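Bear in mind that the values here come from a model prediction, so they are computed numbers and not experimental data. Whatever order the structure lists ligands and atoms in, that order sets their numbers, starting from 1. One-based numbering along the sequence shown.
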Amino acid sequence: MSTQKEPPEQATDEDESPIATARRQLERAAEHLDLSEGMLEQLRHPSKTVEVSVPIHRTDGSVEVFNGYRVQHFEVRGPYKGGMRYHPSVSAEECTALAMLMTWKCAVMDLPFGGAKGGIVVDPSTLDAQETEQLTRRFAEELREVVGPTKDIPAPDMGTDEQTVAWFMDAYSMQEGETVPGIVTGKPTAVGGTHGREEAPGRSVAIVAREALDYYDGSVEGATVAVQGFGAVGANAARLLDSWGASVVAVSDVDGGIYDESGLDIESISADGDEHGQLGAVDAPRQLSNAELLELDVDVLIPAAVGNVLTEENAADVQASIIVEGANGPTTTAADTVFEERNIPVIPDILANAGGVTVSYFEWLQHINRRSWSREEVNDELEAEMLDAWEALQAEVENRDVTWRTAAYIVALSRIGDAMNARGLWP
Ligand code: NAD
């Protein structure tokens, strides 16, 4: 398999926090484009940061107040779109970084949205269902002025799920005096959710892995694949690649992984989540650690668990021919530099797992049109959108001799720059 050579850049920043990464990637792409300093300065900052207090009655009768945020980054291409997470680490800074990433992700996919992110500083495992519902309904009310189906459309994220956004939608709708399904995406299908949303990020990872194999003179048929993280993203990517003839030789969850050099029986392994830690019970020739999985000699490595797992420490030992990022931010900047030097293409998260936001966009369209799409329609449209985005990146990789990550940011930033130029700056 031949991979493309280009001169490596030095890793200049050890700060791997989401905000540092988001800003660094903006600056890096800007070097290739003719954007004014004024335009860049606008993109470095969110348009709006909303901080709210969310009080609830705890089940024991006490009142507790939680901090909530919604950060809206840049809406030049359309309404804001992004998840809401319930996690102790939620902060204005984290939401800003993740909102910026959503702006780039939507622009890479050419979706008419700008990026947003929000959430509540809470460990959701400390709340019962009634408390979570109260928290969500009050959060929806506190944000009512800044969200809306043509303003800002939240979706589930870490610590939230389809039930959370269903409550959010119900609370918003009650105050509006009408049912407004378009206020959120990722809803249950009973209230306007779309088919195919859950599998979508894994499906886009699989599509991109297949295209990358094809581009580098390989084929998905018979390609060996290792997947770190057998959850929503990793399991769906593994199953699809398996169904296309790839040999998934290793998968893992938080407790470790399993390996079979002749290919695992992927269909028989249930995804992580409901039955945590069940991979250890699967009958496979070899158990291996997550660290070992990342260093397997495979055609495609898919880190689909958590961020910052491919680092300066292990990048030199990675033997995969291609890396496809299923998780958000699995590769540190220093590791990226090593992969560049070693000629290992890294297909970035903002393309690879963008199936999630793309199918959220389809859900939003279904609300506008008042017509639901079949699963087949969703999957066909996702395939078409992924191929368009892949081709846009491929053109930049070939014309500018840059990495796939830089190409993705160039595509995103040039689309945002064109929109800024067309609209101008008001007043
Ligand atoms: P998930 O919770 O369904 O699955 C995560 C998997 O990773 C599980 O198998 C878990 O056991 C494993 N894991 C957790 N911590 C680990 C660790 N330290 N080392 C190894 N394995 C570990 O989560 P998901 O929805 O599949 O998300 C995975 C990644 O993809 C995250 O980075 C998420 O932000 C990103 N992502 C998810 C979506 C989505 O819609 N689900 C969309 C885009 C990006």
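Residues Glu325 and Arg405 are paired through a salt bridge, judged by an N-O separation under 4.0 Å between the basic side chain and the carboxylate. Ion pairing of Arg203 with Glu383 is absent here, as no side-chain N (NZ or NE/NH1/NH2) approaches a carboxylate O to less than 4.0 Å. One finds no salt bridge joining Glu27 and Arg24 here, because no Lys/Arg side-chain nitrogen approaches an Asp/Glu carboxylate oxygen to under 4.0 Å. Under the 4.0 Å criterion applied to side-chain N and carboxylate O atoms, Arg85 and Glu94 are assigned as salt-bridge partners. Salt-bridge check for Arg137 with Glu141: failed, with every basic side-chain N at 4.0 Å or more from each acidic carboxylate O.
Residue Pro201 has no N or O atom closer than 3.5 Å to an N or O atom of ligand 1. An N or O contact shorter than 3.5 Å links Phe230 to ligand 1 by distance. Note: no N/O pair closer than 3.5 Å links Asn353 and ligand 1 by distance alone.
Within 6.0 Å of the CD atom in Glu198, the count of heavy atoms belonging to other residues, nucleotides or ligands does not exceed 12.
Checking side-chain atoms of Thr160 against main-chain N and O of Met84 turns up a donor-acceptor pair under 3.5 Å.
The closest approach between Arg197 and ligand 1 falls below 4.0 Å for a heavy atom of the residue. Not a single heavy atom of Gly356 lies less than 4.0 angstrom from ligand 1.
Of all the listed residues (Ser204, Ser289, Ala305), Ala305 holds the heavy atom that lies closest to atom 21 (N) of ligand 1. Residue Ala304 holds the heavy atom nearest to atom 28 (C) of ligand 1 of all those in Ala304, Gly229, Gly231. Distances from atom 14 (C) of ligand 1 to the heavy atoms of Val233, Val254, Asp157 show the closest one on Val254.
Taking every heavy atom of Gly326 and a limit of under 4.0 angstrom, the matching atoms of ligand 1 come to 30 (O). The distance from ligand 1 to the heavy atoms of Asp253 drops below 4.0 Å at these ligand atoms: 9 (O), 11 (O), 20 (C), 21 (N).
Contacts of Asn290 with ligand 1, taken as heavy-atom pairs under 4.0 Å, involve the side chain alone. With a 4.0 Å heavy-atom cut-off, ligand 1 is reached by the side chain of Gln228 but not by its N, CA, C or O.
Partners of Phe362 by ring-ring contact (aromatic ring centres under 6.0 Å, His included), not counting sequence neighbours, listed by chain and number: Trp373.
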